[in-house]
Amino acid sequence: MPKYSVALARTLSATLSVGTITADASAPRRMKLFRLIIGASGAPADTAALWQLQRCTTAGTSTAVTPQLLDPADTVAAVNDAGENHTVDPTLTANAIPFSKALHTRAPYDLFLGPGYEIVTPATASNGLALRTPTAGSTIAGNATIHYEE
Amino acid sequence: MRHPHGYSVTADVDTGRQVESDVVTCCHCQKVCEVPPGPMTGFPWCFKCGRPTCQSLACIARCDPWERRLERMEARERFHRAMESLR
């Protein structure tokens, strides 16, 4: 199963998602997130943000991002859809938050999950994960890289 | 921790030092939980799954593995698609 990398960016917002990875509406496949790297690229400030991955059932409205293959020998294009810089948030599933971490904007964060322990989303149309900052102390530029397998 | 499910790395803002933590994922909801150093105490355990769960009451009270929940979600989707094709 090929592995992909998606880079997401947006000015942190308490109401709109940084980005999403959702199953394709017509040919859904499971997605297994195994690495998440988050940080802020804006001018350093003494502020913090709460980063969360929340399950969602629609993709919302966003700028499309093309997932990049981690192994160039793989030739299969990603089926799951990625988006960043949302203008309309995805439909979030209440209390379905597999990852939540409050971080200082000066502190980057790298999460790695071993084989068999990834965060898995269903092969159901437009279901997936939204990366959000529901509490953001400033409007600093936030960045995230997600590695996943499908 | 002897068999972590993964690890996280961040930085201590005050000292600038790298901070590493082992993590486990809940077998019922997949929530990522950081494990403090030392013996793994305070984490509920599902004896059916043979894996730790998160502190959520729903995950402690009932064994409903995530894989089974995924299968239910996907079966529901297949059913809806089949019903739509009959219209």
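Letters go in sequence order (proteins before strands), and every chain restarts at 1.
- For B/Arg76, no part lies under 4.5 angstrom from a heavy atom of chain A.
- Checking each of B/Glu71, B/Glu74, B/Glu77 against A/Arg30 for a salt bridge (charged side-chain N to carboxylate O under 4.0 Å, His left out) leaves exactly one that passes, namely B/Glu74.
- In terms of heavy-atom pairs under 4.5 angstrom with chain B, the leader among A/Leu111, A/Asn95, A/Leu53, A/Val120 is A/Val120.
- Looking at A/Ala125, both its backbone and its side chain come within 4.5 Å of chain B, counting heavy atoms on both sides.
- Contact of A/Ile37 with chain B is not made at all, since no heavy-atom distance falls under 4.5 Å.
- Residue A/Ser100: no heavy atom, backbone or side chain, is found under 4.5 Å from chain B.
- For the pair A/Thr91 and A/Cys56, the minimum side-chain heavy-atom distance is 4.5 Å or more.
- If you measure heavy-atom distances from A/Pro28 to chain B, the contacts under 4.5 Å come from the side chain alone.
- Only the side chain of B/Val23 comes within contact range of chain A, judged by heavy atoms closer than 4.5 Å.
- Using modelled atom types, one finds no donor on one side chain facing an acceptor on the other under 3.5 Å when comparing A/Arg10 with A/Ser17.
- Neither the backbone nor the side chain of B/Arg69 comes within less than 4.5 Å of any heavy atom of chain A.
- A side-chain donor from one of A/Arg55 and B/Gln30 sits under 3.5 Å from a side-chain acceptor of the other.
- Counting heavy atoms from C-beta outward, A/Lys32 and A/Tyr117 have side chains that stay 4.5 Å or more apart.
- Looking at B/Glu20 and B/Ser8, their side chains never bring a donor and an acceptor atom within 3.5 Å of each other.
- Each of A/Leu113, A/Thr121, A/Ile38 has some count of heavy-atom pairs under 4.5 Å with chain B, and the biggest count is that of A/Leu113.
- Contact of A/Arg35 with chain B is not made at all, since no heavy-atom distance falls under 4.5 Å.
- Using modelled atom types, one finds a donor on one side chain and an acceptor on the other under 3.5 Å when comparing A/Asn143 with A/Ser41.
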